[in-house]
Amino acid sequence: LVWLIYWCCRAWFGGRLVQALVSYGLLDDAEYALKPMVDRVVEHDGFYEWWGRDGSPQGSKKFHGAAGVLGQAIDMLEHAKMERRSGGTG
């Protein structure tokens, strides 16, 4: 599943899949899948709608859907990691 997220999504849909991984407690997988998405945003200085098979950014550079979903995925992952460290359940 993680390789599928990495290969095809990398934006809005990928962020949603990372959120699902977090909600199922698969934090290592979620972090592994999220990192290349965040790296691409930084590298290309924008939240593009999608990425071509060749890795080129496509669509709007300021796609707010991707920004919101990736931001929420980061927040969810960080919260879940803090919960794990503190021994909390939710």
Side-chain angles (χ1 to χ4, degrees):
L1 176 62
V2 173
W3 67 266
L4 177 63
I5 295 169
Y6 177 77
W7 180 80
C8 74
C9 305
R10 302 184 193 132
W12 180 87
F13 190 71
R16 289 286 188 206
L17 291 175
V18 169
Q19 291 175 16
L21 290 170
V22 172
S23 70
Y24 281 100
L26 302 170
L27 304 187
D28 293 336
D29 290 336
E31 188 167 12
Y32 179 81
L34 183 62
K35 185 178 180 336
M37 292 180 225
V38 172
D39 289 347
R40 283 182 183 253
V41 168
V42 171
E43 179 182 348
H44 295 282
D45 192 30
F47 290 91
Y48 289 89
E49 291 182 70
W50 74 92
W51 300 89
R53 288 186 180 190
D54 63 353
S56 64
Q58 305 290 315
S60 172
K61 180 179 181 178
K62 297 178 181 178
F63 182 55
H64 295 142
V69 169
L70 290 176
Q72 186 176 10
I74 291 167
D75 286 346
M76 288 176 68
L77 180 59
E78 288 304 309
H79 178 75
K81 287 167 66 176
M82 285 190 301
E83 286 290 320
R84 179 190 279 174
R85 283 192 294 270
S86 70
T89 58

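- Taking CG of L34 as the reference point, atom CG of D39 lies at 9.0 Å (rounded to 0.5 Å).
- Across every non-hydrogen atom of L70 and M37, the tightest pair is CD2-SD, 3.7 Å.
- Heavy-atom minimum distance, F47 versus A67: CD2-CA, 3.4 Å.
- Remark: D45 CG to K61 NZ distance equals 4.5 Å, nearest 0.5 Å.
- For the atom pair M82 CE and L77 CG, the distance stands at 10.0 Å (nearest 0.5 Å).
- Contact record, V18 with A33: CG2-CB, 4.0 Å, taken as the closest heavy-atom pair.
- Between R40 and E43, none of the side-chain N atoms (NZ, or NE/NH1/NH2) sits under 4.0 Å from a carboxylate O, so this pair counts as no salt bridge.
- Taking the side chain to side chain donor-acceptor pair (under 3.5 Å) definition, one finds that S56 meets it with D54, Q58, sequence neighbours left out.
- A73 approaches G15 most closely through the heavy-atom pair CB-O, 3.9 Å.
- You'll find the side chain of Q19 reaches within 4.5 Å of the side chain of R16, heavy atoms only.
- Closest approach of K81 to L27, counting heavy atoms only: N-CD1, 4.0 Å.
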